[in-house]
Amino acid sequence: MTGELFREDAYLRDAPARVAAHTPEGGVILDKSLFYPTGGGQPGDSGWLTWDKQVLSIATTVRDRDSGGIALVPAEPRALPPVGAYVTQELDWDRRHKHMRVHTALHLLSVVIPHAVTGGQISASHGRLDFNMPDAPQDRDELEGALNHFVSLDARVSEDWITEDELDASPELVKTMSVAPPRGRGDIRLVRIGEPQEPIDLQPCGGTHVARTGEIGALRLGKIEKKGRLNRRVYLHLGG
């Protein structure tokens, strides 16, 4: 298993590591990863590995099904740092930080539209959630105003951990119908927006987030699409 540095500090931009293995597909598994692997609608991180005056560009990051580790996928076929080599990993921080801003913004979107979430996706400029609701919301300006109000509060974003049994006792914490919180790996991570005594949002999540909502910046509600009889897809963009 790969140590998850992105879990310990989402703001860490570079870190040393040792190459633990190569995948048959040409990926690099480190003993500890700064790079977030694709999952939960959030893209895998990109960036660079450096060693012995060599640089390897990383296009994305995924979970390796065979080992359970985190595999860094090179942008092009080329010589990999050998197993056992010590490397420096560096994030494409601008891209990652935008993912963090969008991810936290989507949690706020799930607050202002209080319907079950059936899917979602994050990019560096926008994100979207699919909601289980028969009719599109009519109060677009009000929803966008509520989102930007939460941003203006500069509310704290923090994490907590609960057991699987505790989650089973509080099913209302799970907003996503399509993706269940991972089980069998120990406690489950909760992401909280706001203070513990009066949270704006609290739900299981494995992704990376900003530390305060003010860091998201202005938000703009995008198009709302019909995706089935009971499904509406709502887009949310960074920037006013």
Side-chain angles (χ1 to χ4, degrees), residues 4 6-12 36 39-42 96-122 126-133 137 139-183 185-222 232-238 240:
E4 299 180 347
F6 57 84
R7 188 81 66 225
E8 299 172 14
D9 182 1
Y11 288 82
L12 196 60
Y36 176 84
Q42 181 172 333
R96 153 72 88 77
H97 189 237
K98 288 175 180 175
H99 290 165
M100 291 163 60
R101 293 166 60 200
V102 171
H103 201 154
T104 307
L106 290 182
H107 278 224
L108 294 177
L109 183 62
S110 75
V111 174
V112 301
I113 302 180
H115 290 269
V117 175
T118 60
Q121 196 66 44
I122 293 165
H126 65 277
R128 54 94 171 164
L129 289 180
D130 296 346
F131 292 95
N132 184 35
M133 58 180 178
D139 49 350
R140 290 178 54 95
D141 291 344
E142 185 177 333
L143 292 175
E144 187 174 289
L147 288 165
N148 284 296
H149 171 68
F150 285 138
V151 170
S152 70
L153 292 177
D154 196 30
R156 186 164 66 103
V157 182
S158 59
E159 67 176 32
D160 207 345
W161 296 83
I162 60 173
T163 65
E164 293 180 7
D165 288 341
E166 288 174 320
L167 181 63
D168 290 338
S170 302
E172 72 279 0
L173 291 174
V174 181
K175 296 186 176 184
T176 54
M177 300 172 62
S178 59
V179 180
R183 292 176 176 267
R185 298 175 61 188
D187 291 348
I188 292 171
R189 178 180 182 247
L190 298 178
V191 170
R192 178 192 296 108
I193 302 176
E195 298 306 316
Q197 63 274 19
E198 195 174 353
I200 296 168
D201 185 54
L202 181 66
Q203 61 177 293
C205 182
T208 57
H209 290 268
V210 293
R212 306 192 72 91
T213 60
E215 203 170 327
I216 297 171
L219 292 171
R220 177 174 58 85
L221 199 62
R232 293 296 181 275
R233 177 168 292 176
V234 181
Y235 289 87
L236 187 61
H237 298 258
L238 296 179

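None of these values were measured; they are calculated from a predicted model. Residues: numbered from 1 along the sequence shown.
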**Asked** For E198, does the CD atom have more than 12 heavy-atom neighbours from other residues, nucleotides or ligands under 6.0 Å away?
**Response** no

**Prompt:** About how many Å separate OH of Y36 and CZ of R7, when rounded to the nearest 0.5 Å?
**Reply:** 6.5 Å

**Fill in**
For V234 and M133 the tightest heavy-atom approach is CG2-CE, 4.2 Å

**Prompt:** Quick one: OG1 on T208 to CE on M100, what's the gap to the nearest 0.5 Å?
**Reply:** 5.5 Å

**Contacts of type ring-ring contact (aromatic ring centres under 6.0 Å, His included), residue H126, not counting sequence neighbours** = H237

**Asked** Does R156 pair with E195 as a salt bridge, N-O distance under 4.0 Å?
**Response** yes

**Asked** Quick one: does R101's side chain have a donor or acceptor within less than 3.5 Å of a partner on I216's backbone?
**Response** yes

**Closest heavy-atom pair and its distance - V210, Y11** = CA-OH, 3.2 Å

**Message:** Would you compute the distance between atom CZ of R189 and atom CG of D187 and round it to the nearest 0.5 angstrom?
**Reply:** 13.0 Å

**Prompt:** What distance separates H103 NE2 from L108 CG, expressed to the nearest 0.5 Å?
**Reply:** 11.0 Å

**Item:** Side chain to side chain, L219 and L238, heavy atoms closer than 4.5 Å
**Value:** yes

**Fill in**
Heavy-atom nearest pair, A146 first then V112, reads CB-CG1, 3.7 Å

**Those residues that, when tested against D201, pass salt bridge (Lys or Arg N to Asp or Glu O under 4.0 Å) (two or more places apart)** = K175

**Item:** Between CG on residue L109 and CG on residue L129, distance to nearest 0.5 Å
**Value:** 5.0 Å

**Prompt:** What residues, two or more places apart in sequence or in another chain, satisfy side-chain contact (heavy atoms from CB on, under 4.5 Å) together with L202?
**Reply:** L173, L190, R192

**Prompt:** Where do V191 and C205 come nearest, in terms of heavy atoms and distance?
**Reply:** CG2-CB, 3.7 Å

**Item:** From T104 atom OG1 to R212 atom CZ, the distance as rounded to the nearest 0.5 Å
**Value:** 12.5 Å

**Item:** Check: L236 and V102 side chains under 4.5 Å, non-hydrogen atoms
**Value:** no

**Prompt:** If you count the non-hydrogen atoms of other residues, nucleotides and ligands that lie under 6.0 Å from CG in D141, is the total more than 12?
**Reply:** no

**Request:** State, to 0.1 Å, how close S110 and V117 come at their nearest heavy-atom pair, and which atoms those are.
**Result:** CB-CG2, 4.4 Å

**Message:** Test your reading of the model: is there a side-chain donor-acceptor pair from R140 to the backbone of L221, 3.5 Å cut-off?
**Reply:** yes

**Message:** In terms of relative ring orientation, are H107 and H209 parallel, tilted or perpendicular, with 30° and 60° separating the classes?
**Reply:** perpendicular

**Request:** Kindly indicate whether the side chain of R233, heavy atoms from C-beta on, has any atom under 4.5 Å from the side chain of D130.
**Result:** yes

**Message:** Please give me the minimum heavy-atom distance between I200 and A155, naming the atom from each residue.
**Reply:** CD1-CB, 3.8 Å

